[in-house]
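Report on one structure; see the data block that follows.
We number each residue from 1, following the sequence as shown.
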Amino acid sequence: MWCHLNKPFFMQQFVGIFSLLTSQTAALDCETMKKTNEFPSPKVYSETDVIMKGQNVSLFCSNQNKSLQITYVMFRGMKHLGTWDGKGEPMIFNLRISEAGDLGPYKCKTQVSNCSRYSQEFSFTFANPVTTPVLNISAFQTETARYITLRCISYNGSLPINYTFFEKDVAISPAISKNVREPAEFNLTERITGEREEYRCKAKNRLPNHAKYSQPFTMPSTGGDSCPFCLQLLLPGLLLLLIVIILMLAFWILPKYKARKAMRDNAPRNYGNKPMEVGIYANVCQNQAAGIIHARW
């Protein structure tokens with residue numbers, strides 16, 4: 001009777017001890033998996049962390065152990081975004097980044113049985129694409145060589161911007177990074193061959209697939225002692241000199257013109273009295289002449 005009455009008690013004790021041993025074993029297995037790197041922490045990543053506002057992106061959460069059945073959980077801050085079960089393949093989470101709150105941070109959790117691991121945080125950054133850069137060239141040459149300075153700048157786009165210079169389709173400079181809005185410069189020396197050379201530059205910031213190229217600039221060919229490119233460079237200077245000469249002549253002639261005009265304006269204009277004055281002068285002269293003749297007689 002005693003054994004019959006206490007059988008449930010022994011069953012409860014047995015179940016309790018078994019559950020305790022099972023949980024301890026599971027805990028030991030989880031710790032063992034972590035220590036042996038059998039169940040490493042997951043990684044959350046994207047193809048790029050620099051994006052434009054309103055861009056669609058994909059977030060990946062993966063675990064190195066491809067043999068485990070894993071439950072993936074994605075969070076943005078403390079907000080739960082979704083749960084997926086998978087084995088061997090990373091979890092893919094598609095989303096649209098429309099405002100600053102969508103930038104992150106994102107975190108991924110992986111779980112096997114009662115063993116959980118968390119990834120490092122991941123965040124996106126907004127950036128503006130570069131605009132078409134502007135290429136400027138200055139040069140001077142001797143009888144045997146031409147010394148060229150290339151300058152390239154993109155007036156819009158998030159910094160830093162990397163600039164690369166090309167001769168035709170071949171890069172002739174390393175990437176020149178600019179953290180301020182100023183032109184990148186590259187100097188080169190070329191031997192005079194008489195061939196026409198074409199240059200252009202590329203601007204690129206951290207946004208992928210948004211590089212921009214300048215319009216190509218073709219250097220005129222030179223031969224013998226001629227220097228058409230020199231004339232091309234001197235033309236703006238000659239034009240400026242001509243404008244200065246015209247302004248100097250205008251400022252020199254204008255005061256003289258005003259002075260002559262003032263003299264004409266101040267001269268007497270009573271021309272109606274001249275015939276009368278001439279007549280009086282003629283009568284006086286005649287009377288004087290008659291008096292002299294009468295005195296002689």
Side-chain angles (χ1 to χ4, degrees), residues 45-58 60 96-97 103 123-244:
Y45 59 93
S46 181
E47 292 179 353
T48 177
D49 61 343
V50 182
I51 59 172
M52 294 186 296
K53 192 173 183 179
Q55 182 174 334
N56 294 320
V57 297
S58 296
F60 299 87
R96 183 179 180 86
I97 309 297
L103 294 174
S123 296
F124 293 99
T125 302
F126 279 143
N128 296 319
V130 296
T131 53
T132 300
V134 177
L135 176 65
N136 290 313
I137 298 180
S138 60
F140 72 94
Q141 74 175 44
T142 62
E143 294 181 356
T144 58
R146 182 158 53 191
Y147 303 91
I148 303 172
T149 299
L150 307 175
R151 295 180 180 88
C152 183
I153 184 171
S154 176
Y155 290 103
N156 293 289
S158 299
L159 299 170
I161 299 177
N162 292 329
Y163 296 94
T164 307
F165 294 92
F166 293 83
E167 183 176 338
K168 294 182 179 177
D169 295 325
V170 180
I172 57 175
S173 76
I176 302 173
S177 181
K178 286 293 180 180
N179 292 303
V180 294
R181 194 78 61 186
E182 64 180 13
E185 291 189 4
F186 182 71
N187 298 309
L188 69 153
T189 302
E190 286 192 344
R191 302 181 65 179
I192 297 177
T193 60
E195 297 180 358
R196 298 170 67 90
E197 302 295 345
E198 183 180 276
Y199 299 96
R200 61 177 180 161
C201 65
K202 179 180 74 172
K204 182 181 181 301
N205 59 10
R206 293 194 297 162
L207 274 174
N209 304 320
H210 282 83
K212 295 288 186 179
Y213 288 86
S214 69
Q215 293 295 324
F217 186 97
T218 302
M219 297 282 287
S221 60
T222 58
D225 296 330
S226 63
C227 185
F229 187 70
C230 297
L231 295 177
Q232 183 179 352
L233 294 176
L234 289 175
L235 185 59
L238 293 174
L239 183 60
L240 180 61
L241 179 62
L242 181 60
I243 293 174
V244 171

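Residues P129 and N205 have side chains not in contact (no heavy-atom distance under 4.5 Å, counting atoms from C-beta outward). Contact check for F217 versus L150: no side-chain heavy atoms found under the 4.5 Å cut-off. The shortest distance between side-chain heavy atoms of S138 and T149 falls below 4.5 Å. In this structure the side chain of I148 never reaches within 4.5 angstrom of the side chain of E197, judged on heavy atoms. Between E182 and V180, some side-chain heavy-atom pair lies under the 4.5 Å cut-off.
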#### Entry: Working for salt bridge (charged side-chain N to carboxylate O under 4.0 Å, His left out), residues E185 and R151
CA-CA 5 Å; E185 291 189 4; R151 295 180 180 88; 3.0 Å; yes
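Counting heavy-atom neighbours within 6.0 Å of D169 CG, excluding the residue itself, gives a total of 12 or less. Counting heavy-atom neighbours within 6.0 Å of N209 CG, excluding the residue itself, gives a total of 12 or less. Heavy-atom contacts from other residues, nucleotides or ligands closer than 6.0 Å to CD of E47 number 12 or fewer. Atom NZ of K212 sits in a sparse spot, with 12 or fewer heavy atoms from other residues, nucleotides or ligands closer than 6.0 Å.
A distance of 10.5 Å separates SG in C201 from OH in Y213, rounded to the nearest 0.5 Å.
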Ignoring hydrogens and angles, write down the donor-acceptor pairs under 3.5 Å from the side chains of residues 155-163, residues two or more places apart or on other chains.
unit_1, atom_1, unit_2, atom_2, d
S158, OG, N128, N, 2.7
N162, OD1, S177, OG, 3.2
Y163, OH, S154, N, 3.0

